[in-house]
Every structure is written in structure tokens, then in C-alpha cells.
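Working notes for the structure below.
Model, not experiment: these values are computed from the prediction. The first residue of the sequence shown is numbered 1, and numbering continues consecutively from there. Just so it is clear, the values below take in all heavy atoms, side chains as well, and ignore hydrogens, waters and symmetry mates.
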Amino acid sequence: MEFRALGPLEIGPPHRRVRIDAAKHRILLAALLARANEPVPLPDLVEMMWDGQPPGHPRAAVQTYAARLRQALREAGSSAQVLSQGSGYLLAIAEGKTDLGQFAALVEAADTATDPAAEADALRRALALWRGEPFADVPSPVLHREVVPRLREWQLEVLQRRIEADLRLGRHADLVTELRELTDRFPLREKLWLYLMSALHRSGRRAEALEAFRTLHRRLTTELGIEPAAELAELHLAILNGEHVLTGEPTETVQPPGWHPQCRLPSDVDLVGREADVAALLPARLSVISGLPGVGKTALALHLAHRLRPEYPDGQWYVRLGDRAPADLLAELLRTAGTSAFGVAALPDSAHEREGLLRARLADRRILLVLDDATSAGQVMPLLPGTPGCAVIVTSRAPLTGLTVLAGAQPHRLGPLAPRDAARIVPPDVARLCGYLPLALRIAAARGVTAAELARPGRLDQLSTPGEPEISVRAAFAPAYRALPPDQRAALALLGGIPAADFTVDQAEAALGTPAAARLLGGLIASGLLDRDGHRYRLHPLLRLYAAEQSTPDGCPMPRPVLVA
């Protein structure tokens, strides 16, 4: 495959990727690749490249970019050719050389399949070609407004076909977790709710199937003022009556299915910087990425996981841990592993038994597991595969030293971006006032915040997304702050009042008014909210602002918290 567009645009085979950095060249290539082997008229190319604001001589400009693109492809050894066609251009390339062409070919193979198993297999292979948002790193608003939505809709239609084929094959238990995630992402897509209700009922989870219908009914009537489609209402009635002839009922007797590789990773992101972090983590089979909220731990973990996908053909799974209990997490992983399809009517009640069952299911498989937002080593240990062919990437605010001690994990503390990398996102003075924290940089870039605005009081107000309070620096820090024990919360709030960039234990004792400062500082380090360099401690500047806010609601001083030595 020479061209991959179902994700960030990639050119060349895996061992020899070619990067085309010039934005206009990438847009031109994307526009031609989206309609490979079809002529693209010059006006369409101009609109795609300049979005209604063309240069003085657009034809000459496109000719120049086309000539340079030809040269770049030639130097890359590509078999593709950029040809003049009337007043426009055409990218001549064999269908098998692009992931778009391979996707179309596999969907066509599913159309002509003679049985549901072959159809499902072809559709699954087609969907595995997707790596995220099509043309994710191509800076063309027109492309993302007109081309990408059509591709995304095509992907969703194929995904629905594959789910329906799996239901016909009796794989309902395997589908429940996936369908829950899909109905969360597409809450008004009624066909997905239909499949979820059917899969739940046929898995013996009738009450959950009925609750799924009630959830959809509330959403449709509240948000759109309409009732669910007749097909859903009929299915709802069939479940109430205990009937067994449901959507996707198997048309033939099938044996319990074998292993079905699944990619459950969220989309990859285009990282800025982090080359050294990626290089340090790629060889590890068990790694722990720790760091401050908003520093980009999840983004780095997902980028690594997408890079490693070819090495783990049995599946790439993502699970968000949060404050969930290991027993619940084990149940989710066992359902993903298809355990219930092998005759297990119900999962064991004991977390210890579930742990053993999961390791047995993953034995000798090559699975990549991303465990996001872990709270402790004890939460992670039961989820680890028992054989060496798997890899696990863990993210956590805390360093989870227990995983290093007990399981040989490679720890990696992720810090803010280097100033030179941050300056690729926002101007240097804005980057400095954002503390080089990736989340703050992205918000500042999206809002167009200036250094003058950030220098005024209320900096955290500027680093939030209007109308979406959950996308803000405050919202990133809040869960970590609330998770602290009361004495550490009080200590962090008081440490926010220290104006210096860093401080000693003695300065902390003076600010906290207690000889227990060293213990409290150690607790904050273990929670991932405080860094230590020798004898000096440092709070990230934005966290210091947030901490200071916690000590004075609405600007009214609070009594000093009682800190027990």
C-alpha cells in the first residue's frame, strides 16, 4: 500500500514513509486521492486548496503545485502519476495501492459473499484499515466539510452491516460492549440501538435491553420530539413478551465462534514533539505513563498503540479505568475476549476467578491493551495478561511505583512540552503563560488567546472552551484535586499561595503552618501533582493558580485548614 488516507495522510510503504510537509501539496494530493483515477476539475481543486480565497492566478499556482507533487512522488519511488486531464488533474494509481481502494474492494467482496461468516470477515478487514479521521492532518476546511463526512458515513454503514452479520452468526455476547460505545458516540442512530437491544436480550440481559429502549425513547422525544421507529417499537414489544425471534436471529446453527481480533482504540492524534518519549516507550512490553492532568498522557498512549498495531494482530483494546473496581473491569475485558460465546452462561462472581479466566483467554495471544487513567497499582495488576506475547500501556497521574516493583513496568514521567515544540502550536509568549501544558496550548490555539489576555488576572478563565466547561484546564485539574485526602487538599490550596516557581520544605512548613510538610509533600508527589528536583519542589504554574483558587471561594479568605502532623 502506497497511500493511506483513512487517518493521517501517509505515503510510501511502512518501512519507508515519505513526508510531504508543504500544506498545499498535501491538500492537492488529498483532493486527487479522494477521487483516485477520476479527473478533478480545476475549480474543485482551487476551492479545496484556498477555500474561497484563491490567489491572483490560481491556474498557474495549481500547475506549480502539481509539478512539485509529481517530483515528490517520483523521488519517493511511487507508481502513482499526477496527470493533466482537460482543465484539471487526475491521480492514476492501482486500487490496491490505496487504503480507500482496498476498503472499497473488501466491501464489494462482502457484497458477493455466500455466507454470513465470509461477509463479516470481509467487512471486519475493511474496517481494520481505518486509523482515525480521514485525512486527519490535511489542512483543508473544504475537504473536511465535504469529503470527510461522506467517508465517515460510509464507514458507519459498513460497521452496521458487520454488526448485523455478527448477530446472524450468534455473536451477540461479543457485541454488547462495542454497541454500548457506539450508541454513546451516535446517540440518535436508531439502527445501533436496535442491534444493542437485540444483543442484550439474546445474551439473557432482558432488563438492560428494555432500559436501552427507554433511554433512546427519552432522547428522541426530548431532543427531537419524535417517537422511535416502528422497527424499534416492535422489538421492544417482542422483548416484553419474551419472544425469541429478534433482529439478527441466526439463520443456521453455528458453533461458538473463534477469536475475533478487535481494534477498540480511539482515534490517533497528531502529536507535536514527544519524539524522545515515543522512542523511549516503544520497546516496553509494560509501561506506565504518569504526569500532570492535561499533559497529554492519553494522547501519547494512543499514538504509541496505533504505531504498535501491526505487532499485535489479535487485538488492540482500550479501557478507561477511572475509579472502577477491578471486578467490573475484568467483566468488561472478558466480554471483549468473547468468553460468554464459549458456553460460560455467567461470569464468575469472584474477582480472583475472573482474573484467572481472563489470563486463560489471553494465553499465547498477541494483544495490545491500553489502560487509561489508572488510580493505583492494585487496580491494574489483576488486568495484566500472564503470557509475554501481550503489551500493556498504562496511564495515570501517579507514578504507580508498585507496578514497577511487582511487574517490572517501565515508568515514564511525562512533562510539559519543550518551548520550541510548544511554539509550533501558539506564539512563544502565549506558550510560556500556558506553562507549556498541551491541554492549555490547544485551548489557547483554538480560542486565539493572546499573551496580553493571559497576563491579566483570571488566566484560567481564558483557558476554557466557551459553552463546554468540561474542556478546560480547571476541569482537568478538578478530579485530581477532589481525589486527594482532605489534608493534602488543604495543603495544595495553601501551597498555591507561594509566589515562587519552586520552594523548599522549610518554605512549605511556613506556608502550611505545620511540621508535617514533608509528609504532605510526599503525598502530593505520589498523587502526580507535585514535582521534586533535589531539595526543591515545584507546582506547575497553572496548577498553582488552580490551587490558590481553592483556598478563597469568590475571593473571600477561608480559615486556615487544620493540618495534622
| query | Taking the side chain as C-beta and beyond, is there a heavy-atom pair between Leu69 and Ile20 under 4.5 Å? | reply | yes
| query | Looking only at heavy atoms, what is the nearest atom pair of Asn37 and Ile93, with distance? | reply | ND2-O, 2.8 Å
| Of the non-hydrogen atoms in Val40 and Ala31, which two are nearest, and what is the gap between them? | CG2-O, 4.1 Å
| Is there a salt bridge (charged side-chain N to carboxylate O under 4.0 Å, His left out) between Arg125 and Asp121 once you walk through the steps? | CA-CA 6 Å; Arg125 287 159 54 207; Asp121 180 65; 3.5 Å; yes
| task | Would you confirm whether Arg70, through its side chain, and Val82, through its main-chain N or O, come within 3.5 Å as a donor-acceptor pair? | result | yes
| task | Taking all non-hydrogen atoms of both residues into account, name the closest pair between Val295 and Pro416 and its distance. | result | CG2-N, 3.7 Å
| query | Can you name the residues that form a ring pair (Phe, Tyr, Trp, His ring centres under 6.0 Å) with Tyr65, not counting sequence neighbours? | reply | His25
| message | Keeping Arg131 on the side-chain end and Pro8 on the backbone end, is there a donor-acceptor pair under 3.5 Å? | response | yes
| field | Sub-4.5 Å side-chain heavy-atom contact between Leu32 and Leu90 | value | no
| said: Quick check on Glu108: does its CD atom have over 12 non-hydrogen neighbours (other residues, nucleotides or ligands) under 6.0 Å away? | reply: no
| Audit row: Arg162, Glu119, salt bridge (charged side-chain N to carboxylate O under 4.0 Å, His left out) steps and yes/no | CA-CA 8 Å; Arg162 194 224 80 214; Glu119 179 186 5; over 6 Å; no
| Do other residues, nucleotides or ligands put more than 12 heavy atoms under 6.0 Å from Arg413 CZ? | yes
| request: Before giving the answer on side-chain contact (heavy atoms from CB on, under 4.5 Å), spell out for Phe135 and Leu33 the whole-Å C-alpha distance, their side-chain angles and the decisive distance to 0.1 Å. | output: CA-CA 10 Å; Phe135 301 107; Leu33 188 57; 4.3 Å; yes
| said: Quick check for you: to the nearest 0.5 Å, what is the distance between His540 atom NE2 and Leu437 atom CG? | reply: 4.5 Å
| query | Between Arg26 and Asp21, is there a donor-acceptor pair closer than 3.5 Å when you use the side chain of the first and the backbone of the second? | reply | no
| His172 side chain to Asp166 main-chain N or O, any donor-acceptor pair under 3.5 Å? | no
| Looking just at side-chain N and O atoms, do Arg189 and Gln160 make a donor-acceptor pair shorter than 3.5 Å? | yes
| query | Taking the side chain from Glu453 and the backbone from Thr450, do they hold a donor-acceptor pair closer than 3.5 Å? | reply | yes
| Would a 4.5 Å heavy-atom cut-off, applied to side chains only, mark Val319 and Arg324 as touching? | yes
| request: Begin from the C-alpha positions of Arg309 and Leu265 and carry the test side-chain contact (heavy atoms from CB on, under 4.5 Å) through to its verdict. | output: CA-CA 10 Å; Arg309 276 190 64 191; Leu265 301 175; 4.1 Å; yes
| Does Leu91 reach the side chain of Gln81, with side-chain heavy atoms less than 4.5 Å apart? | no
| task | Could you check if a side-chain atom of Pro39 sits within less than 4.5 angstrom of a side-chain atom of Tyr89, using non-hydrogen atoms only? | result | no
| Gln155-Arg152 side chain donor-acceptor pair, cut-off 3.5 Å | yes
| task | Assess whether side-chain contact (heavy atoms from CB on, under 4.5 Å) is satisfied between Val370 and Trp317, documenting all intermediate values. | result | CA-CA 6 Å; Val370 178; Trp317 302 349; over 6 Å; no
| query | Looking only at heavy atoms, what is the nearest atom pair of Ala30 and Val138, with distance? | reply | CB-CG1, 3.9 Å
| message | So does Ala5 get a backbone contact from the side chain of Asp99, meaning a donor-acceptor N/O pair under 3.5 Å? | response | yes
Contacts table for residues 390-397: side-chain donor-acceptor under 3.5 angstrom, sequence neighbours left out:
unit_1, atom_1, unit_2, atom_2, d
Thr395, OG1, Asp372, OD1, 2.4
Thr395, OG1, Asp373, N, 2.8
Ser396, OG, Ala374, O, 2.8
Ser396, OG, Ala398, N, 3.1
Ser396, OG, Ala398, O, 3.2

| said: Donor-acceptor pair, distance only, cut-off 3.5 Å: does the side chain of Thr64 make one with the backbone of Ala60? | reply: yes
| remark: Residues passing the side-chain contact (heavy atoms from CB on, under 4.5 Å) test with Leu232, sequence neighbours excluded, are Glu190, Trp193, Leu194, Met197, Phe213, Leu216, Pro228
| request: Report yes or no: does Ser78 contribute a side-chain atom to a donor-acceptor pair with the main-chain N or O of Arg74 at less than 3.5 Å? | output: no
| Salt bridge check: are Arg161 and Asp111 linked by an N-O gap of less than 4.0 Å? | yes
| query | Looking only at atom types and distance, does a side-chain atom of Gln316 sit under 3.5 Å from a main-chain N or O of Tyr312, one as donor and one as acceptor? | reply | yes
| message | Test salt bridge (charged side-chain N to carboxylate O under 4.0 Å, His left out) on Glu164 and Lys191; report intermediate values, then the result. | response | CA-CA 10 Å; Glu164 189 164 346; Lys191 185 68 78 172; 5.3 Å; no
| task | Would you please test Arg442 and Val272 for side-chain contact (heavy atoms from CB on, under 4.5 Å) and show each step? | result | CA-CA 11 Å; Arg442 297 291 185 188; Val272 173; 3.5 Å; yes
| Going by heavy atoms in the side chains, are Cys434 and Leu463 under 4.5 Å from each other? | yes
| When you measure from the side chain of Thr222 to the backbone N and O of Arg219, does any donor-acceptor pair fall under 3.5 Å? | no
| request: Indicate the atoms forming the closest heavy-atom contact of Gln410 with Ala284, along with that distance. | output: OE1-CB, 3.5 Å
| message | Considering only residues two or more places apart or on different chains, which pairs with a residue in residues 49-59 satisfy side chain to side chain donor-acceptor pair (under 3.5 Å)? | response | Asp51-Arg145
| task | Kindly write out the residues that satisfy side-chain contact (heavy atoms from CB on, under 4.5 Å) with Pro41, not counting sequence neighbours, or none if the list is empty. | result | Arg35, Pro43, Asp44
| request: Would you mind listing every salt bridge (Lys or Arg N to Asp or Glu O under 4.0 Å) that reaches into residues 459-469, with sequence neighbours excluded? | output: Asp461-Arg474
| Heavy-atom check, side chain of Thr183 versus side chain of Tyr195, under 4.5 Å | no
